[in-house]
Protein chains: 2
Amino acid sequence: MKLVQPRTPSGFTEYLPNEQLEFNRLLDIIKDTYARYGFSPLDTPILELSEVLLAKGGGETEQQVYRFEHGRNDLTMRYDLTVPLARYVAEHEGTLVFPFRRSQIGKVYRAERAQAGRFREFYQCDIDVIGSDSPIVDAELPAIINEIFTKFAFGEFTIRLNDRRILNGFFESIGLSNVSREILRSVDKMEKVTQKELVKELQSVNLDNEQIERILDFTSINGTNDEIISKLRAMNSSSSLFNVGVDMLEALIKALRVMNVPENHFKIDLKIARGLDYYTGTVYETILNDYPEIGSVCSGGRYDNLAEYYTKTSLPGIGISIGLTRLFYTLREIGVISSPSQSPAKLVVMPIDEQEIPFSIALITKLREANIAALLYTERNAVSKKLRYADRMGFEYALVVGVNEVESNTVSLKHMKTGESKTIPLDTLVEYISNA
Amino acid sequence: MKLVQPRTPSGFTEYLPNEQLEFNRLLDIIKDTYARYGFSPLDTPILELSEVLLAKGGGETEQQVYRFEHGRNDLTMRYDLTVPLARYVAEHEGTLVFPFRRSQIGKVYRAERAQAGRFREFYQCDIDVIGSDSPIVDAELPAIINEIFTKFAFGEFTIRLNDRRILNGFFESIGLSNVSREILRSVDKMEKVTQKELVKELQSVNLDNEQIERILDFTSINGTNDEIISKLRAMNSSSSLFNVGVDMLEALIKALRVMNVPENHFKIDLKIARGLDYYTGTVYETILNDYPEIGSVCSGGRYDNLAEYYTKTSLPGIGISIGLTRLFYTLREIGVISSPSQSPAKLVVMPIDEQEIPFSIALITKLREANIAALLYTERNAVSKKLRYADRMGFEYALVVGVNEVESNTVSLKHMKTGESKTIPLDTLVEYISNA
């Protein structure tokens with residue numbers, strides 16, 4: 001038979017078992033935290049009707065989708081989780097209970113040019129609250145980011161906060177509301193381009209040097225969170241949009257403190273604008289302090305209207321998204337993430353000979369009944385080979401069962417890292433492992 | 001703006017929040033059980049190169065795939081999890097540790113004609129052990145099925161066991177090894193067609209009436225598991241294939257007993273053949289005793305060669321698969337599955353007024369820190385409306401926080417089903433909820 005070379009298309013990633021276990025551990029942290037805050041999980045189809053998914057039309061995304069015809073259907077693979085959410089909420093508007101808090105963790109598809117660190121299939125981990133304008137929700141999202149990244153333990157991180165109403169109010173107050181959209185986009189790029197390029201971009205929308213300087217001064221206002229709020233208040237802005245933004249940001253900061261989020265984990269930063277047009281209030285970005293070059297690892301914000309292409313009902317909301325695939329890839333490249341074990345089980349049970357198998361089965365059944373994950377290794381080979389398997393798999397413990405163990409109703413527990421062996425009576429094994 | 005009607009393509013399913021929570025609960029039971037038995041989770045791309053995925057060629061599946069070209073790539077969405085496993089194992093042959101125990105839970109795609117209960121996108125939940133011929137593994141899989149369906153609690157179920165070596169050995173002993181493949185396929189359909197149709201089918205491969213009668217007699221051998229083994233032994237078959245099969249089945253039965261699998265949950269049934277050609281040893285089907293019309297809800301078996309299209313290495317293995325989407329759909333239709341709650345949180349915290357919000361945040365933060373999922377409801381409306389929300393969402397408890405509660409450092413815990421309210425001191429709340 002002619003063999004086909006087994007391979008995946010470029011830009012599509014899959015992990016070895018040890019990597020996958022570590023990736024799933026991170027996914028579970030996200031999932032558990034989202035659930036603890038009362039977000040209901042959602043799972044929409046990966047294929048949608050093109051007419052529906054691409055209702056907005058235009059834009060970069062449309063050129064980067066996997067779209068094809070099948071029978072009478074024109075289908076597109078989802079490229080994010082926000083458009084399917086908009087479609088879902090509009091479709092089930094009459095049935096859903098609002099505010100609707102939903103989480104969705106799933107793969108999305110972008111037919112981008114393949115390059116290192118760019119993926120055509122990747123996970124997004126989103127939460128959104130639809131139909132609430134309560135500022136408490138604006139604070140819950142960074143509290144969730146704080147929990148997740150604290151548990152991730154990739155070192156210190158900073159959730160950078162801003163409110164587009166402050167930016168737009170400020171632009172308004174210096175007579176620039178007609179080009180606020182363009183300025184926002186430039187501000188969003190501020191940290192990625194040189195000052196010269198930035199100035200050039202702002203000049204291209206007809207800003208004069210004084211206006212540019214005021215924008216640069218404004219966005220670089222610094223200090224503690226309270227100091228920045230004070231400085232903003234001291235501006236005595238006549239823009240009510242500006243003042244609403246400041247009020248909201250202050251309320252958010254206060255709520256975060258009641259939520260026990262450490263002060264050094266969140267920081268008002270007036271340079272945060274986010275590129276997407278549809279944000280209208282609070283905006284977030286998150287950076288890992290030790291790896292700022294990765295860029296934002298969790299972003300989002302508040303918007304006025306989620307589903308305008310599908311329904312006349314105005315659906316304001318707020319959401320954040322973690323792009324776990326890229327984050328995982330980058331941190332693995334840097335060497336921050338290690339993943340020593342190939343098995344979800346901590347221990348392996350190894351009968352030395354055929355005759356020890358029933359004893360081993362009985363023993364592993366007890367462990368599993370006590371909710372301890374364990375693998376039974378019944379291949380026929382020498383003890384040295386068995387232990388080599390246990391070592392390569394990265395088990396913490398190997399339970400070797402031989403004639404002596406069966407006779408004395410004990411097991412020999414080998415700690416794989418130290419090489420130390422211990423004899424443990426069968427009836428205390430579950431307790432011993434549970435406490436280990 | 002012209003609105004687009006929000007909808008999904010037919011054959012693609014998505015759930016309302018309460019249904020999704022129930023579906024996920026079942027998924028988690030499967031996932032946890034697979035992990036407890038030491039299966040490493042895998043997550044392969046949904047899109048594969050057509051040349052690779054369809055290497056086998058021909059067959060019904062190839063006509064039922066979503067296949068399209070994008071740029072220079074000819075791509076196909078995976079239609080099962082077995083072919084990607086074969087590709088993965090062959091691709092990473094040099095790195096993986098064998099025996100390789102992998103689980104994969106994910107969506108697969110079939111461009112079938114849409115009809116009720118048929119899905120174009122559905123979940124498969126698979127485990128396979130590659131590179132082991134230990135008969136203990138043959139017993140672990142039904143032990144896993146037993147655990148999962150016991151936890152599902154859809155009533156009694158029966159795991160039906162057979163071994164293709166017994167069937168093929170028997171066909172050999174009556175001089176029919178040249179048409180064993182065709183007979184297996186007929187036997188597999190035995191319960192879905194009339195006896196007349198079955199006889200006709202067997203006649204079409206040139207079986208005479210005596211041979212047909214012997215096959216019908218053989219496959220209807222009945223009794224307890226031990227009785228069936230005895231009857232098979234009493235046949236004194238000269239076929240070594242037959243005898244190996246009987247040995248294996250007997251070993252399997254014995255191991256299941258040591259694994260504490262209740263005797264009424266597994267049953268040797270010589271009619272079980274499975275349709276697919278590639279099974280070579282043990283085969284499984286599982287039926288829900290109260291809903292036999294659903295057919296097998298978990299099937300699988302042992303095969304000699306997983307990845308022959310990708311590698312010359314012989315990779316024997318064994319696996320099972322649960323098609324959860326169809327099972328869930330059918331049991332919901334029948335009314336077996338109910339799903340009363342819309343939220344992963346058991347309780348909602350509801351400040352009556354603005355001024356109770358900080359107290360409420362502090363309180364819900366404590367609950368969440370104690371790993372209790374809780375939702376904070378801060379919409380401004382009347383208490384009656386708040387309680388209506390709590391009721392529609394299906395929360396077990398509503399914690400209403402008013403002036404009195406803040407002053408006395410208590411909360412008012414309303415049990416939504418009984419309508420009963422209780423005042424609980426704040427410092428015993430976590431304990432109370434944890435024990436509730």
Side-chain angles (χ1 to χ4, degrees), chain A residues 1 3-4 6-9 12 14 16-17 20 24 35-36 38 40-47 49 51-52 55 66 68 70 73 75 87 90-92 95 97 107 111 121 132 134 136 255 258-260 308-310 342-345 357-358 361-362 365 368 373-376 378-379 392-393, chain B residues 1 3-4 6-9 12 14 16-17 20 24 35-36 38 40-49 51-52 55 66 68 70 73 75 87 90-92 95 97 111 121 132 134 136 255 258-260 308-310 342-345 357-358 361-362 365 368 373-376 378-379 392-393:
Chain A
M1 192 183 310
L3 296 182
V4 175
R7 64 201 192 280
T8 49
F12 289 75
E14 69 186 2
L16 289 168
Q20 186 72 58
N24 288 7
R36 202 144 18 79
S40 305
L42 186 63
D43 183 8
T44 62
I46 282 176
L47 279 178
L49 296 167
E51 183 201 349
V52 177
Y66 289 105
F68 59 94
H70 191 96
N73 284 328
L75 300 164
R87 193 266 309 143
E91 186 172 344
H92 304 288
T95 316
V97 183
K107 289 175 169 182
E121 177 185 65
S132 170
S134 167
I136 304 307
V258 188
M259 289 175 189
N260 288 343
E308 55 183 329
Y309 300 98
Y310 309 119
Q342 311 253 358
S343 174
I357 288 181
I361 294 179
T365 301
R368 287 168 178 164
L375 191 149
L376 183 60
T378 52
E379 303 310 302
R392 285 188 68 199
M393 288 289 287
Chain B
M1 192 185 306
L3 296 181
V4 174
R7 63 200 193 281
T8 49
F12 289 75
E14 69 186 2
L16 288 168
Q20 186 71 58
N24 288 7
R36 202 143 19 78
S40 305
L42 186 63
D43 184 7
T44 62
I46 282 176
L47 279 178
E48 298 250 8
L49 296 167
E51 182 201 349
V52 177
Y66 288 105
F68 60 94
H70 191 96
N73 284 329
L75 300 164
R87 193 265 309 144
E91 186 172 344
H92 303 288
T95 316
V97 184
E121 177 185 64
S132 170
S134 167
I136 303 308
V258 188
M259 289 176 190
N260 288 342
E308 55 183 330
Y309 301 99
Y310 309 120
Q342 311 252 356
S343 174
I357 288 181
I361 294 179
T365 301
R368 287 168 178 163
L375 191 150
L376 182 60
T378 53
E379 304 308 303
R392 285 188 67 199
M393 288 289 288

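No hydrogens, no waters, no symmetry mates; every other heavy atom, side chains included, goes into these values. Chain naming here is simple, since letters A, B, ... match the order of the sequence lines and numbering starts at 1 in each. This structure is a prediction, so every number in the text was calculated from the model and none was measured.
Of the atoms belonging to Asp43(A), heavy atoms from both backbone and side chain fall under 4.5 Å from chain B. At a 4.5 Å heavy-atom cutoff, the contact between Glu51(A) and chain B is made by backbone and side-chain atoms alike. Contacts between Ile46(A) and chain B at a heavy-atom distance below 4.5 Å involve backbone atoms as well as side-chain atoms. For Leu376(A), the parts lying near chain B are the backbone and the side chain together; criterion is any non-hydrogen pair under 4.5 Å. Both the backbone and the side chain of Glu48(B) come within contact range of chain A, each with at least one heavy atom under 4.5 Å from a heavy atom of that chain.
Across Ala90(A), Ala255(A), Pro358(A), Ala374(A), the residue that shares the most heavy-atom pairs under 4.5 angstrom with chain B is Ala374(A). Put simply, of Gly38(B), Ala345(B), Pro45(B), the one with the most heavy-atom pairs under 4.5 Å next to chain A is Pro45(B). Ranked by non-hydrogen atom pairs under 4.5 Å with chain A, the options Leu3(B), Thr365(B), Leu375(B) are led by Leu3(B).
Separation of atoms CD (Glu14(B)) and OG1 (Thr44(A)) is listed at 6.0 Å; rounding is to 0.5 Å.
Remark: Phe12(A) engages no residue in a ring-ring contact (aromatic ring centres under 6.0 Å, His included) (not counting sequence neighbours). Remark: Arg368(A) engages Glu140(B) in a side-chain hydrogen bond (donor to acceptor under 3.5 Å, both in side chains) (not counting sequence neighbours).
Tyr310(A) contributes a side-chain N or O that, together with a main-chain N or O of Val52(A), makes up a donor-acceptor pair within less than 3.5 Å. With hydrogens and angles ignored, the 3.5 Å screen pairs no side-chain donor or acceptor of Ser40(B) with any backbone N or O of Pro17(A).
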